[in-house]
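Please read these numbers as outputs of a predicted model, since none were measured by experiment. The sequence lines fix the lettering, A, B, ..., with proteins before strands; numbering per chain opens at 1. The figures that follow rest on heavy atoms only: side chains count, while hydrogens, waters and symmetry mates do not.
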2 protein chains.
Amino acid sequence: MNNKTCSLQTLRRLPYYLYYLRNADQEHVSAATIAREFKLNEVQVRKDLATVSKTGGSPRKGFNKVELIRDLEDFLGYKNMNDAVIVGVGHLGKALINFKGFEDYGINIVLGFDKKVKKEESIGKTKILPMVKMENLVERMQIKLGILTVNKESAQPVCDRMIRAGIKAIWNFTPHMLKVPQTVLVQNENMATSLAVLSQHLKRDIQKETPAAE
Amino acid sequence: MNNKTCSLQTLRRLPYYLYYLRNADQEHVSAATIAREFKLNEVQVRKDLATVSKTGGSPRKGFNKVELIRDLEDFLGYKNMNDAVIVGVGHLGKALINFKGFEDYGINIVLGFDKKVKKEESIGKTKILPMVKMENLVERMQIKLGILTVNKESAQPVCDRMIRAGIKAIWNFTPHMLKVPQTVLVQNENMATSLAVLSQHLKRDIQKETPAAE
DNA sequence: TAGATTGTTAATCGATTAACAATC
DNA sequence: TAGATTGTTAATCGATTAACAATC
């Protein structure tokens, strides 16, 4: 069992490695190759891999791809599927439900809830139910992961309800900064953050024409 | 004109401050208040604000809300709207086009392109056109920002076409690691990264029941 | 005035990078 | 064997936090 911890930075890089490995066709992959692919420092990748790999790599060859994939999946907890519910089935909610590929990340959206839904609907294999059914089902099915795609006005009240029902981790797509107890983790997927980086680049772009001397 | 630069970390925090201020109703806001709201260190917020604020805050009162909002918007480049195109109008693309609120971040999605679209369609005010029209229009309208929501197989080729047409910043929603020239910025919106943090929390959760002694 | 708050300089902390020995 | 590659210890770098003087 791999119980090592790693820094948040490392944790964020790991899915990239995993994606690369899953699409690679060599039998062995070296840290140097991965570093080149993602324009990262070689030592950094080596350290990252050292924390997740159980067998370690071999000099001259690198890491066995299949083993390393397994170790990454295990470390990231992708092995035992996490059931998730999604609350707020608007455009974004629908897009997430339709997104093929969550399974690759150990996520299984089992149910959706929306206040506008009056009686059971379906999107693919996912059932969409009225909000009133939420607490009961989350509790009974012992679901720990909630995806929040309601509008910002409903964000906090809906979040509170999810937590009361037993949700332990919330993937928050609203711009609202949720107030939660310490035991609950909120992962903000904040568009504004990315946009800030992009606008900044576009803004500076004009000035970059004349690079600073020395 | 505010040409100061700031660290990437700071840049990422700024949109949060802006959101908070836009929804605040006091006339003055102190760094301490903001720090409390986002559970950040007070000095950190003070420093962040110091880099963007032109007039600075006043002792005892804090920052004038309206001025600070203006300074943040200016610093982030939200003042002069960035026109953007979106390529790939599937579920996610549609969700982004329908997302009200990009205007708050200085982004204006003017056109969408999709290979499945044969003749002009519309989603709200946004026109969706066939892929073949892309290069020509991006070039003529001098659009610098592209949102990439195609499937991973098309990601690189479509990205190349966008760059050839003059796109300088790409908001990449595909899991593919795009290869781009140095002058082009790619901002990855990678679901896998967030999911890694969430799964990790859920996985560790079980072990946390018994906290380590000392 | 007193004290809340700003802005800044110095200390700390953590993550990245460099250097290098170990190994197949 | 030689050398590519791993894994680790030490040095560097940058960001966060602490301490404090300035000010309304």
Query raised in the report: Between the base of C:dT6 and the side chain of B:Lys47, is there any donor-acceptor pair under 3.5 Å?
Result: no

Requested in this report: Give a yes/no on whether any side-chain N or O of B:Gln9 is located under 4.0 angstrom from OP1 or OP2 of D:dA15.
Outcome: no

Report task. Output yes when a side-chain donor or acceptor of B:Asn98 lies under 3.5 Å from a complementary backbone atom of B:Lys94, and no otherwise. Result -> yes

Query raised in the report: For C:dT23, which nucleotide is its Watson-Crick or G-U wobble mate, given both distances must be under 3.5 Å?
Result: D:dA4

Requested in this report: From the options C:dT8, D:dT5, D:dT16, select the nucleotide whose nearest atom is closest to the side chain of B:Val43.
Outcome: C:dT8

Query - Any B:Arg46 side-chain N or O less than 4.0 Å from OP1/OP2 of D:dA19 - result: no

Query raised in the report: How many Å lie between NZ on B:Lys61 and C1' on C:dG3, as a whole number?
Result: 16 Å

Report task. Could you work out which one of C:dT8, C:dG3, C:dA18 sits closest to the side chain of B:Arg60? Result -> C:dG3

Query - Whole-Å distance separating the CG atom of A:Asn41 from the P atom of D:dA11 - result: 18 Å

Report summary line: Whole-Å distance, A:Glu42 CD to D:dA4 P, equals 12 Å

**Report entry** Sidechain-backbone polar pair: A:Thr149 side chain, A:Gly88 backbone, donor-acceptor under 3.5 Å
**Finding:** yes

Query raised in the report: Which residue, B:Pro59 or B:Ser7, contacts DNA chain D at a nucleotide closer to its 5' end, judged by nearest heavy atom?
Result: B:Ser7

**Report entry** B:Lys144 (side chain) donor-acceptor with B:Asn82 (main chain) under 3.5 angstrom
**Finding:** no

Query raised in the report: How close or far is atom C1' of C:dT8 from atom CG of B:Asp48, stated in whole angstroms?
Result: 15 Å

Query raised in the report: Side chain of B:Gln44: nearest nucleotide among C:dT23, D:dT16, C:dT17?
Result: D:dT16

Query raised in the report: Given that both distances must come in under 3.5 Å, which nucleotide forms a Watson-Crick or G-U wobble pair with D:dC13?
Result: C:dG14

Query raised in the report: Is it the case that B:Lys203 places NZ or CZ above or below the six-membered ring of A:Phe75, under 6.0 angstrom from the centre and within 45 degrees of the axis?
Result: yes

Requested in this report: Take atom NZ of B:Lys39 and atom P of D:dT16, then tell me their distance rounded to the nearest Å.
Outcome: 18 Å

